[in-house]
Amino acid sequence: MRVLIMGCGRVGALLANVLDAEGHEVTVMDTNSRSFGRLNPTFKGNALLGDGTDEDSLRKAGIEEMDAFLALTQGDNRNIMAAQIAKHIFGVYRVICRVYDPLRNELYQSLGLDAVSPTTVFSQLLEGKLSKKIEEI
Amino acid sequence: MYIIVIGGGRVGFFLSRALLDEGHELLVIEKDPFKVEHIEEELGSVCMQGDGCEATTLDEAGTGRADIFIAVTNEDEDNLVACQVAKHKFNVPRIIARISNPKNETLFKKLGIDVTVSTTNLIMQEIEQELPAHPMTHLLELKKGELEVFEVRIPPSSKVVGKQTREIPLPPGSILSLIVKDVGVQVPTPYTILEANDRVIAVIRPELAKDLRSVLVGS
């Protein structure tokens, strides 16, 4: 699988390392080259400096040949915009973006975007843990 | 009309002042408290502090009854999201977005935000009309961007010089509607011969404009 990850933060880098170790072709994009320090020394993929909300940068990163695109920057709006470019302009098969804000996340899911809110997911997980604990008492 | 403006920077400020002068009901939504204060001092109680991309903020602002929603922040991504929320959550009938990167125009239109204003494009259009060496000038948009009208100056080196219009491999759906020659303006027939320095007014779908240019200008 050829994957393009926008944002080499904690999640982006972790995912890149894991996918790379599994043998996939990974390209990571970030606007700050220091972020690439999070990649394993054994990382075989590409690390590119660039802005995923810019069509030309995405083209240079090879988005036209990608099977999947993940938008994992710290900014919800940047992730939303990049994901929509990937989906609607480049027709990438699998597009996933992180949208922290639960309301915005819901809106974009209803618009057909594969948006994941860590806020929602984590609070659901905690709720699950808590209800389990209460039952055990 | 009730108009909501997202972004209280310089563009937002002067736009709001102009709209207020025309007598519209206005609300500006701005994140920065200093800008909010400035707007309130200069224009009155027309500013709300908040993030114009958040549905809860827009709800408080009465976006549901807005007639026009205008996003003029500095960031295209923020303008995009604010407009999408206004469109899909609040069904505002008229939505206008400012874009800095001209490449984003296609994306915004694909996502249903028909009216985009790009300062870069506006200035480029001004420059193109001034530069005599520039062979192809975008003149106007027809039918909400489905068709565009261009003026193409045929350089002496072009392959089509001396050819009849019926011999030219034009892109599908393109129309040469007028030819401006030294002797005057003509509506071309299939037998009209193109000459160097003729100016052709062509109507074409925007995505085929590059092909038209290479057919008419290429040497």
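Values in this document were obtained by computation on a predicted structure and should not be read as measured data. Computed from heavy atoms alone, side chains included, the values below leave out hydrogens, waters and symmetry copies. Chain A is the first sequence line, chain B the second, and so forth, proteins listed ahead of strands; every chain is numbered from 1.
Residues B:D76 and A:T53 are not in side-chain contact: their nearest non-hydrogen atoms beyond the backbone lie 4.5 Å or more apart. Side chains of B:L107 and A:M81 form a contact here, defined as non-hydrogen atoms less than 4.5 Å apart.
Within a 6.0 Å sphere centred on NZ of B:K31, heavy atoms belonging to other residues, nucleotides or ligands number 12 at most. Other residues, nucleotides and ligands contribute over 12 non-hydrogen atoms within 6.0 Å of the CZ atom of B:R65. Heavy-atom neighbours of A:E106 CD from other residues, nucleotides or ligands within 6.0 Å: at or below the threshold of 12. The environment of A:K44 atom NZ is dense: over 12 non-hydrogen atoms of other residues, nucleotides or ligands sit within 6.0 angstrom. In the displayed structure, B:R205 atom CZ is contacted under 6.0 Å by at most 12 heavy atoms of other residues, nucleotides or ligands. Counting heavy atoms of neighbouring residues, nucleotides and ligands inside a 6.0 Å radius, atom CZ of B:R17 does not exceed 12 of them.
Looking at B:K103, both its backbone and its side chain come within 4.5 Å of chain A, counting heavy atoms on both sides. For A:R78, the parts lying under 4.5 angstrom from a heavy atom of chain B are both the backbone and the side chain. In this structure, chain B has heavy atoms under 4.5 Å from both the backbone and the side chain of A:I85. Of the two parts of B:D78, the backbone and the side chain both hold a non-hydrogen atom closer than 4.5 Å to a non-hydrogen atom of chain A. Proximity to chain A (any heavy atom under 4.5 Å) is shown, for B:N79, by neither the backbone nor the side chain. Proximity to chain B is limited to the side chain of A:D56, based on heavy atoms less than 4.5 angstrom apart.
Of the inter-residue distances, the one linking A:N77 atom CG with B:E75 atom CD reads 9.5 Å to the nearest 0.5 angstrom. Atoms NZ and CG, on A:K87 and B:L111 in that order, are 10.5 Å from each other to the nearest 0.5 Å. The NZ atom of B:K110 lies 12.0 Å from the CD atom of A:Q84; values are rounded to the nearest 0.5 Å. A distance of 7.5 Å separates CG of A:D101 from OG1 of B:T56, quoted to the nearest 0.5 Å. Remark: B:L80 CG to A:I80 CD1 distance equals 8.0 Å, nearest 0.5 Å.
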